[in-house]
Protein chains: 2
Amino acid sequence: MDAHIPFSERLRMMQGDQNPNNCPVRQVMQGIFGKWSTLLLLALAERPYRFGELRRLVPDISQRMLTQSLRDLERDGYIYRKVYPTKPPSVEYGLNDLGKSMLVPLHDLVIWASDNFAAVDSSRKIYDAQAAD
Amino acid sequence: MDAHIPFSERLRMMQGDQNPNNCPVRQVMQGIFGKWSTLLLLALAERPYRFGELRRLVPDISQRMLTQSLRDLERDGYIYRKVYPTKPPSVEYGLNDLGKSMLVPLHDLVIWASDNFAAVDSSRKIYDAQAAD
DNA sequence: CAGCATCCTAACAGATACTG
DNA sequence: CAGTATCTGTTAGGATGCTG
């Protein structure tokens, strides 16, 4: 809750104790930063969706990756999975409280990205042009 | 600047126009979410560091990945690279204004992660235990 | 000191076909 | 409808040796 821990302290926390790979903060960040995770969380922020609806919302995701990404998000506790035993079956995905709370800072980062992508893009172009010399 | 664009609108912005892979917001997010990027940005948030210092700060990064990650962050405009023509040479890395501004929302997300990793970890354990049935 | 080049492995991710 | 299974290609990442 204390936002005023200095960066160096946060960094030390991210190193883990003995094995840095065991650092829990890094592991959480990895889960959020997957290729599709952010996109799916944003979609579910609006309302729960069914599997097929999510496929249509994110047309360039493969069925395999959609299943796997949803499983991972469910495993981390960000979303729930609710099966309706109809025929044919329908499955609904939606945000848990943990997911809703995480989405607050994540959304701020997305806002930053959409406000600043032009600066990043122009920086890349300049860098690449100089590298071509 | 407007933080009140609905999620669905943000989502549509993240789809890109024709080719979703070209979506600039996604590309910015990918750059921030690399395995080492966040760690390095947090380190540089405190003060500029030299190459060897960064290696010691993040002991589990390989030389190859440190070089590559720093290049990527430089290319995106988050950090600068300043070479001092001494013998032997020394190279200093530090945050640009763009990096400093990006670090504000990124830091909030790191704070969330360090406040909530216990909940994520316990969710994973429960999920894995049920999957073992 | 701060790297680059090379080789190699493992994780990530797409395409396709099939199922309760 | 909502998946699973399998195969394959691509990229991320580590280990090692060498250099201005």
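Note on naming: letters A, B, ... go to the chains in the order of the sequence lines (proteins, then strands), and numbering restarts at 1 for each one.
In this structure, B:Arg56 places its CZ atom 10 Å from C1' of C:dC1, rounding to the nearest Å. One interatomic measurement links the two molecules: CG of A:Asp72 to C1' of C:dC12, which rounds to 11 Å at whole-angstrom precision. Remark: C1' of D:dT6 and CD of A:Gln68 are 14 Å apart, rounded to the nearest angstrom. Rounded to whole Å, the distance from CZ on A:Arg64 to C1' on C:dT19 is 18 Å. B:Leu70 places its CG atom 11 Å from the C1' atom of C:dG3, with the value rounded to the nearest Å. Taking atom CG of residue B:Leu66 and atom P of nucleotide C:dC4, one finds them 11 Å apart after rounding to whole Å. As rounded to whole Å, 14 Å separates atom P of C:dC1 from atom CG of B:Leu54. Here the P atom of nucleotide D:dG13 and the CG atom of B:Asp60 are 12 Å apart, to the nearest Å.
Along DNA chain D, the nucleotide nearest A:Glu92 and the nucleotide nearest B:Ser62 are compared for position; the residue whose nucleotide lies closer to the 5' end is A:Glu92. Nearer to the 5' terminus of DNA chain C, by closest-nucleotide assignment, is the contact made by A:Ile61 (compared with the other of A:Pro89 and A:Ile61).
Checking the phosphate oxygens (OP1, OP2) of C:dC1, no side-chain nitrogen or oxygen of B:Arg50 falls inside 4.0 Å. A close approach under 4.0 Å does not occur between any side-chain nitrogen or oxygen of B:Arg81 and OP1 or OP2 of C:dA2.
Taken together through direct or relayed side-chain contacts under 4.5 Å among Ile, Leu, Val, Met, Phe, Trp and Tyr, B:Val91 and B:Tyr80 form parts of separate hydrophobic clusters.
Note: A:Leu41 CG to A:Met102 CE = 4.5 Å, rounded to the nearest 0.5 Å.
Taking every side-chain heavy atom of B:Lys35 into account, D:dG13 is the closest of D:dG3, D:dG13, C:dA13. Checking D:dA2, C:dG3, D:dT4 against the side-chain heavy atoms of B:Val91 singles out C:dG3 as nearest. Proximity note for B:Pro88 (side chain, C-beta onward) versus C:dC1, D:dG13, D:dG3: the nearest is C:dC1.
Within 4.0 Å of B:Arg55, counting heavy atoms only, lies no atom of the nucleic acid at all. Across all strands shown, A:Tyr93 has heavy atoms under 4.0 Å from sugar-phosphate atoms exclusively, and none from any base. Contact annotation for A:Gln63: base contact, defined as any heavy-atom pair under 4.0 Å involving a base atom.
A salt bridge links A:Arg26 with B:Asp60: the closest approach of a Lys/Arg side-chain nitrogen to an acidic carboxylate oxygen falls below 4.0 angstrom. A:Asp121 and A:Lys125 are joined by a salt bridge, as a carboxylate oxygen and a charged side-chain nitrogen come within less than 4.0 angstrom of each other. Residues B:Arg47 and B:Glu92 are not paired through a salt bridge, judged by the lack of any N-O separation under 4.0 Å between the basic side chain and the carboxylate.
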